[in-house]
Amino acid sequence: MDPAQSKRVSKACDACKLRKVKCNGQERCQQCSHLGLRCVYSISNKARSQGKRGRIITEYKNKTSSTNIKSPPLLPAIPGQLALPQRQASLPFGGELDGLASPLEPGLQYDQSFFLDLIPDYMEGVYPVQPVITEAELRGYIHTMDQDQEVRSFVCSFGACTLNLTRQTDKRTEEVLQTIETLINYTISTMKPVYKSFRSSVFRAMQSMFIHNCMMSMSASDAAFHYMRDSISAVQLLRIDSTDTMAQLSQPERSRRQRLYWQAFIHERFSAILDYRTVVLPPLNVLPEEDPTIPRQVHEGFIQIIKLFRLLDPEFLQNWLGSQGNVTSTWIEEKSRELEGDEESNARELANLSMMQRADLAITREWLRTLVWRLAMSKSLLSTRSSKECLTLLFPVRLSQNLRQQVTSMSRHDIEVHGSSIVQKLFEITDTISDVLIHVPAATLEETSLRIDDFLFILDFVLQFPTLDDTRRGILLEKLERLRGLFPEVVSTTSSPNLPIDLQSPTSDPWFQVAQSKIGPDTDVDPAGLQGLVPLPYVGQMQPCQGVSQHATWNHISRRLSMAHFSSG
């Protein structure tokens with residue numbers, strides 16, 4: 001032990017005197033830091049109370065707290081400033097809160113009522129997709145957060161994640177964003193370090209998962225990956241994959257830990273696709289058992305999302321990461337059939353789910369189908385005469401029609417509550433659709449007009465997400481500009497509009513390379529609209545517009561694109 005730490009001090013703070021415990025004499029002593037007490041050194045020699053420890057702590061808090069203190073607002077009155085106790089606290093091990101002027105004391109800044117008020121939002125918007133920490137557990141943690149710093153640290157991660165997933169659109173204000181970051185910075189700075197006595201827990205695994213969720217929304221992919229792996233480490237140490245270990249637990253606890261395992265599995269698989277990372281967590285041999293302590297709707301919805309992510313098997317990931325993959329037409333067809341499923345069975349499984357769960361399942365399924373199609377595209381497997389829809393060039397256009405119908409039937413809240421992951425999925429789908437519109441022709445201008453209309457609807461829907469980062473927003477808006485360049489307004493009154501001819505796709509464009517390797521530069525558009533591909537379809541190789549109606553349709557497309565204005569951020 002450090003001699004400086006073992007040295008007795010001549011003066012103890014008031015709280016340690018009252019409780020008859022050793023005080024280390026620091027500006028804010030270790031005991032007060034642990035219990036969330038104000039650390040005051042008084043010259044008074046009043047007799048110490050002889051009551052029990054719990055009563056003494058309560059009396060001390062009542063004595064040192066102002067009777068006029070109210071539950072704090074979401075953020076301090078002055079933006080960027082934190083309401084601190086009179087004696088500034090020191091962080092454990094001399095750490096600092098990244099990006100904050102001074103450390104946070106949640107016992108004073110965010111009291112129990114602040115977190116208790118978030119529980120209804122958590123149960124509605126977080127628990128159905130992360131069904132691990134129950135409402136009863138949360139209430140217990142919140143009621144003891146002022147006596148245990150480790151618990152308080154966890155409660156802050158719960159609060160940050162709940163705000164992150166449930167404060168969307170106009171509710172996602174700058175104050176909310178600052179609060180999320182403040183709470184996350186605090187929970188990171190106060191997480192219990194892993195010493196030799198460390199024992200894993202569901203509590204620890206979920207704290208890291210909550211942090212991961214918030215870091216994803218902050219576009220901090222490296223930090224998000226770190227805390228996801230930290231959560232996975234905690235999950236693996238629980239030995240959830242061990243039959244002997246799990247047999248010692250009650251049935252509800254077994255089911256809960258199985259849900260925890262699968263949640264980590266889902267997050268890691270999504271990260272593998274998004275950031276091209278390898279995975280370490282294999283699928284569990286069993287799905288979560290029936291658990292009578294949670295709503296059946298939550299259980300069934302979680303099972304369905306597990307089944308979708310299980311399709312991201314080792315072979316799929318090898319193909320996606322380009323490591324010894326073997327993408328064939330047969331594999332594409334098989335994976336597409338798995339994703340499609342049986343229509344009657346799908347309808348039956350969705351019948352008892354909430355709209356929020358249906359939104360997650362529907363968009364995730366469309367996203368996965370897009371990934372499979374992109375793998376086929378990357379290997380030049382998209383035949384110009386394939387009878388298999390999944391192997392046609394216009395498959396994403398079909399997806400855009402399906403997606404528009406689905407999101408129209410859902411509320412934006414039901415979709416946004418899934419956070420940054422659902423935004424990324426929608427971005428991937430929309431980006432793929434835009435590439436098809438730019439490079440793959442329709443048979444007629446009327447069909448082109450319908451495609452453009454579907455695309456603009458989805459584009460508008462996606463660009464309204466406040467969690468869509470500037471980079472992805474810029475990519476989609478750039479695709480819109482390219483489409484506008486393909487359809488300049490025609491002023492000619494002749495039967496054949498004077499279309500521009502200098503709009504050839506750059507030879508560095510991967511779509512251009514695939515098109516040339518498949519069909520050559522001189523292939524005409526097939527009348528069916530499914531069998532032809534050209535670098536930029538609306539130039540030189542389109543049949544001349546016939547009559548005023550074609551002229552009007554072209555200009556209608558041009559005006560629809562030119563009038564589509566979206567915020568750049």
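The first residue of the sequence shown is numbered 1, and numbering continues consecutively from there.
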- Do the side-chain N and O atoms of Ser153 and Gln207 include a donor-acceptor pair separated by under 3.5 angstrom? yes
- Message: Determine whether Ile184 and Met215 satisfy the following criterion, side chain to side chain contact (heavy atoms under 4.5 Å, CB included), listing intermediate values before the conclusion.
- Response: CA-CA 9 Å; Ile184 280 297; Met215 289 297 180; 3.7 Å; yes
- For the atom pair OG1 (Thr162) and CZ (Phe115), what is the distance rounded to the nearest 0.5 Å? 9.5 Å
- Message: With heavy-atom distances below 4.5 Å as the criterion, would you say the side chains of Gln251 and Pro292 are in contact?
- Response: yes
- Answer yes if the side chains of Asp244 and Gln248 hold a donor-acceptor pair under 3.5 Å, and no otherwise. no
- Query: Has the side chain of Lys425 got a donor or acceptor atom that lies under 3.5 Å from a matching backbone atom of Arg365?
  - Reply: no
- Would Phe158 and Phe210 count as a close aromatic pair, with their ring centres under 6.0 Å? no
- Rounding to 0.5 Å, atoms NZ (Lys479) and OG (Ser434) come to a distance of 4.0 Å
- Message: Please evaluate residues Asp230 and Arg204 with respect to the criterion side chain to side chain contact (heavy atoms under 4.5 Å, CB included), reporting the C-alpha separation (whole Å), side-chain torsions for both, the decisive distance (0.1 Å), and the verdict.
- Response: CA-CA 9 Å; Asp230 187 74; Arg204 173 60 180 249; 3.4 Å; yes
- Message: Apply side chain to side chain contact (heavy atoms under 4.5 Å, CB included) to residues Ser400 and Arg451 and explain how you reach the verdict.
- Response: CA-CA 8 Å; Ser400 72; Arg451 293 184 190 179; over 6 Å; no
- Which word best sums up how the rings of Phe465 and Phe461 line up, parallel for under 30°, tilted for 30 to 60°, or perpendicular for over 60°? perpendicular
- Is there a side chain to side chain donor-acceptor pair (under 3.5 Å) between Asn185 and Thr182 once you walk through the steps? CA-CA 5 Å; Asn185 282 338; Thr182 296; over 6 Å; no
- Message: Contact between Leu476 and Phe427 at the side-chain level, heavy atoms closer than 4.5 Å - yes or no?
- Response: yes
- Task: Considering non-hydrogen atoms only, spot the tightest contact between Gln236 and Val280 and give its length.
- Result: NE2-O, 3.9 Å
- Examine distances only and state if a side-chain atom of Ser354 and a backbone atom of Gln357 form a donor-acceptor pair shorter than 3.5 Å. yes
- Please examine the side chains of Gln130 and Met209, heavy atoms only from C-beta on, and report whether any two atoms are closer than 4.5 Å. yes
- Cut-off 3.5 Å, side chains only: do Arg472 and Gln424 have a donor facing an acceptor? yes
- Between the side chains of Asn213 and Asn164, does any donor sit under 3.5 Å from an acceptor? yes
- Note on the structure: All heavy atoms of Gly125 vs all of Met356, minimum pair found to be CA-SD, 4.2 Å
- Task: Keeping to residues at least two apart or across chains, list the ring-ring contact (aromatic ring centres under 6.0 Å, His included) pairs with something in residues 244-270.
- Result: His212-His267, Trp262-Phe265, Phe270-Trp367
- Task: Test Trp320 against Leu312 for side chain to side chain contact (heavy atoms under 4.5 Å, CB included), laying out the working first.
- Result: CA-CA 10 Å; Trp320 185 259; Leu312 298 178; over 6 Å; no
- Message: Regarding Arg259 and Ser255, do their side chains bring together a donor and an acceptor under 3.5 Å, going by distance alone?
- Response: yes
- Task: Measure across Met206 and Leu260 and return the closest heavy-atom pair with its distance rounded to 0.1 Å.
- Result: SD-CD1, 3.7 Å
- Query: Could you go step by step and tell me if Asp460 and Gln464 meet the side chain to side chain donor-acceptor pair (under 3.5 Å) rule?
  - Reply: CA-CA 6 Å; Asp460 177 62; Gln464 288 186 48; 3.0 Å; yes
- Message: Quick one, Tyr141 with Phe203, criterion ring pair (Phe, Tyr, Trp, His ring centres under 6.0 Å). Give me CA distance, side-chain angles, the key distance, then yes/no.
- Response: CA-CA 10 Å; Tyr141 292 144; Phe203 176 99; 5.3 Å; yes
- Side-chain donor-acceptor pair under 3.5 Å between Thr364 and Asp360, yes or no? yes
- Task: Could you verify whether a donor N or O on one side chain and an acceptor N or O on the other, from Ser271 and Glu268, lie under 3.5 Å apart?
- Result: no
- Indicate the atoms forming the closest heavy-atom contact of Ala376 with Leu391, along with that distance. CB-CD2, 4.2 Å
For residues 299-308, which side-chain N or O atoms pair as donor and acceptor with protein atoms under 3.5 Å away, sequence neighbours left out?
{"residue": "Glu300", "atom": "OE2", "partner": "Arg296", "partner atom": "NE", "Å": "2.8"}
{"residue": "Glu300", "atom": "OE2", "partner": "Arg296", "partner atom": "NH2", "Å": "3.3"}

- Task: Decide yes or no for Ile273 and Leu317: does some side-chain heavy atom of the first lie under 4.5 Å from some side-chain heavy atom of the second?
- Result: yes
- Just checking, Arg369 and Phe395: is the charged tip under 6.0 Å from the six-membered ring centre and within 45° of the axis? no
- Grab the two heavy atoms, one from Tyr186 and one from Gln149, that are nearest each other, plus how far apart they are. OH-CG, 4.2 Å
- Message: Could you report the tightest heavy-atom contact between Glu137 and Thr134, atom names first, then the distance?
- Response: OE1-N, 3.0 Å
- Minimum side-chain heavy-atom gap Val298-Val129 below 4.5 Å: no
